[in-house]
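A quick note: this is a predicted structure, and the numbers were derived from the prediction, not measured. Computed from heavy atoms alone, side chains included, the values below leave out hydrogens, waters and symmetry copies. Chain A is the first sequence line, chain B the second, and so forth, proteins listed ahead of strands; every chain is numbered from 1.
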Amino acid sequence: MLKILEIIALLKKHYPEAKTALNHANPLELLIAAILSAQCTDERVNIVTKNLFKKYKTPLDYLKVSLKELEENIHSTGFYHNKSKNIQGAMRVILDQFKGNVPDNMGELLLLPGVARKTANVVLGSAFKKAEGIVVDTHVSRISRRLGLTKNKNPLKIEKDLMKIIPKSKWIYFSLELISHGRKICKARNPLCKECFLNYLCPKII
DNA sequence: CTCCCGATAT
DNA sequence: ATATCAGGAG
């Protein structure tokens, strides 16, 4: 499909330095941030992690404190009870099975509670520069459907569809650029179609 | 398919 | 006051 190559080229042109909006200094910080970003904006996650990362540096730091203390520190990201348990569970696995290191492959990342393919792909792509799949978050999902790149609604099916039509070397940046585009132009509520550089090739499937 | 939850746009 | 945003687990 020629259209997809055109889309890829235009995205790269307009978002030459797209990167994850999640502030982090190392793979562990990105993993925590990515777990917190479930059903929460990256902007909100950054507010919370600013203090969180000052208090907790190692997997053990997250395990030494009570669930309640952790919950208080991440409260505003929502689903804080689940997320706190998941973070402690993930730190437990990292310590017990991975010598304290964040895994750098999909199979092992998926063993961590609170980590499914979206979160794993974020960590793989932005912490390890590896692509075993494509990040399909709400932005990638919405825009892929609007552009007619998939008709599916299930994130895994969307990911498979995208993996078929996008060259593997573009997997990481394609998501990062679509997410940037989703925030600025192709927004969920009022998409700015008149300002969109993809407008002329967009069937606008909702 | 349901539950988990706060923040912000309308 | 309420709709909408934003993923994972059971």
Side-chain angles (χ1 to χ4, degrees), chain A residues 18-24 28-52 62 66-94 102-103 105-127 131-146 150 152-163 171-172 174-193 195 206:
Chain A
K19 57 178 172 52
T20 179
L22 295 171
N23 295 155
H24 65 283
L28 180 64
E29 289 191 356
L30 182 57
L31 173 66
I32 301 289
I35 290 174
L36 292 176
S37 77
Q39 300 288 97
C40 180
T41 62
D42 290 355
E43 193 184 351
R44 169 61 44 189
V45 171
N46 288 337
I47 293 172
V48 163
T49 54
K50 188 176 182 190
N51 304 308
L52 193 72
Y62 289 92
S66 66
L67 197 56
K68 191 160 177 288
E69 183 183 321
L70 198 50
E71 286 177 1
E72 286 165 7
N73 282 298
I74 67 164
H75 177 270
S76 71
T77 65
F79 302 120
Y80 53 84
H81 190 64
N82 284 339
K83 287 177 182 175
S84 295
K85 279 199 298 187
N86 286 338
I87 287 172
Q88 289 200 331
M91 296 306 106
R92 185 81 267 159
V93 175
I94 284 177
V102 176
N105 61 80
M106 178 67 73
E108 292 180 346
L109 281 166
L110 293 179
L111 295 175
L112 308 177
V115 178
R117 289 192 67 90
K118 182 264 177 178
T119 303
N121 279 321
V122 167
V123 172
L124 283 174
S126 291
E132 290 193 43
I134 296 177
V135 174
V136 177
D137 71 344
T138 186
H139 298 292
V140 174
S141 171
R142 179 181 68 251
I143 303 174
S144 295
R145 289 162 52 74
R146 283 179 178 167
T150 179
N152 283 304
K153 206 158 184 173
N154 175 292
L156 181 58
K157 289 182 178 175
I158 294 175
E159 189 181 349
K160 300 289 185 198
D161 287 343
L162 293 177
M163 287 167 74
W171 286 1
I172 296 175
F174 180 77
S175 293
L176 292 171
E177 290 156 2
L178 268 202
I179 292 165
S180 298
H181 193 56
R183 285 199 247 269
K184 289 173 182 282
I185 309 287
C186 197
K187 300 186 290 181
R189 292 187 204 210
N190 303 308
L192 307 177
C193 298
E195 300 173 32
I206 307 295

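Not one side-chain nitrogen or oxygen of A/Asn82 sits closer than 4.0 Å to the OP1 or OP2 atom of C/dG7. Proximity of A/His139 to the phosphate of C/dA6: a side-chain N or O atom is located under 4.0 Å from OP1 or OP2. Considering only side-chain N and O atoms, A/Thr119 lies under 4.0 angstrom from the phosphate OP1 or OP2 of C/dG8. An OP1 or OP2 oxygen of C/dA6 is reached within less than 4.0 angstrom by no side-chain nitrogen or oxygen of A/Arg44.
In this structure, A/Pro155 reaches neither bases nor backbone, as no heavy-atom distance under 4.0 Å exists between it and the strands shown. Residue A/Thr77 is classed as having no contact, given no heavy-atom separation below 4.0 Å to the nucleic acid. Within 4.0 Å (heavy atoms only), A/Asn190 reaches sugar-phosphate atoms of the nucleic acid but no base atom. Contacts of A/Asp137 with the nucleic acid, taken as non-hydrogen atoms under 4.0 Å apart, involve only primed sugar atoms and P, OP1 or OP2. Among the protein residues, A/Tyr80 comes within range of the sugar-phosphate backbone only, with heavy atoms under 4.0 Å from sugar or phosphate atoms but none that close to a base.
You'll find the side chain of A/Val115 reaches within 4.5 Å of the side chain of A/Leu31, heavy atoms only. Inter-residue side-chain proximity for A/Leu192 and A/Lys184 is flagged as unmet; no heavy-atom pair is nearer than 4.5 Å. Residues A/Leu67 and A/His81 meet the side-chain proximity criterion, which asks for heavy atoms closer than 4.5 Å. Counting only heavy atoms from C-beta outward, the side chains of A/Leu176 and A/Ser126 approach each other to under 4.5 Å. The closest side-chain heavy-atom distance from A/Ser175 to A/Asn121 is not below 4.5 Å.
The gap from the C1' atom of B/dC3 to that of C/dA6 amounts to 16 Å, rounded to the nearest Å. Between B/dC5 and C/dT2, the two C1' atoms lie 16 Å apart (nearest whole Å). Look at the C1' atom in both B/dC4 and C/dC5: the space between them is 15 Å, to the nearest Å.
When rounded to the nearest whole Å, the span between CD1 of A/Ile35 and C1' of C/dA6 equals 16 Å. One can place CG of A/Leu110 at 13 Å from C1' of C/dG7, the figure rounded to the nearest angstrom. Atom P of nucleotide C/dA9 and atom CG of A/Leu156 are separated by 14 Å, given to the nearest angstrom. One interatomic measurement links the two molecules: CD of A/Glu71 to P of B/dG6, which rounds to 11 Å at whole-angstrom precision. In this structure, the CG atom of A/Leu111 is 15 Å from the P atom of C/dG8, given to the nearest Å. In this structure, CG of A/Leu112 is placed 12 Å from P of C/dG8, rounded to the nearest angstrom. Distance CG (A/Leu109) to P (C/dG7): 17 Å, rounded to an integer number of Å. Atom P of nucleotide C/dA9 and atom NZ of A/Lys83 are separated by 12 Å, given to the nearest angstrom.
When the nearest nucleotides of DNA chain C are assigned to A/Arg189 and A/Thr138 by heavy-atom distance, the more 5′-ward of the two goes with A/Arg189. A residue-by-residue look at A/Gln39 and A/Val115 shows that A/Gln39 has its nearest nucleotide of DNA chain C further toward the 5' end.
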*asked:* Apply side-chain contact (heavy atoms from CB on, under 4.5 Å) to residues A/Val102 and A/Leu30 and explain how you reach the verdict.
replied: CA-CA 10 Å; A/Val102 176; A/Leu30 182 57; over 6 Å; no

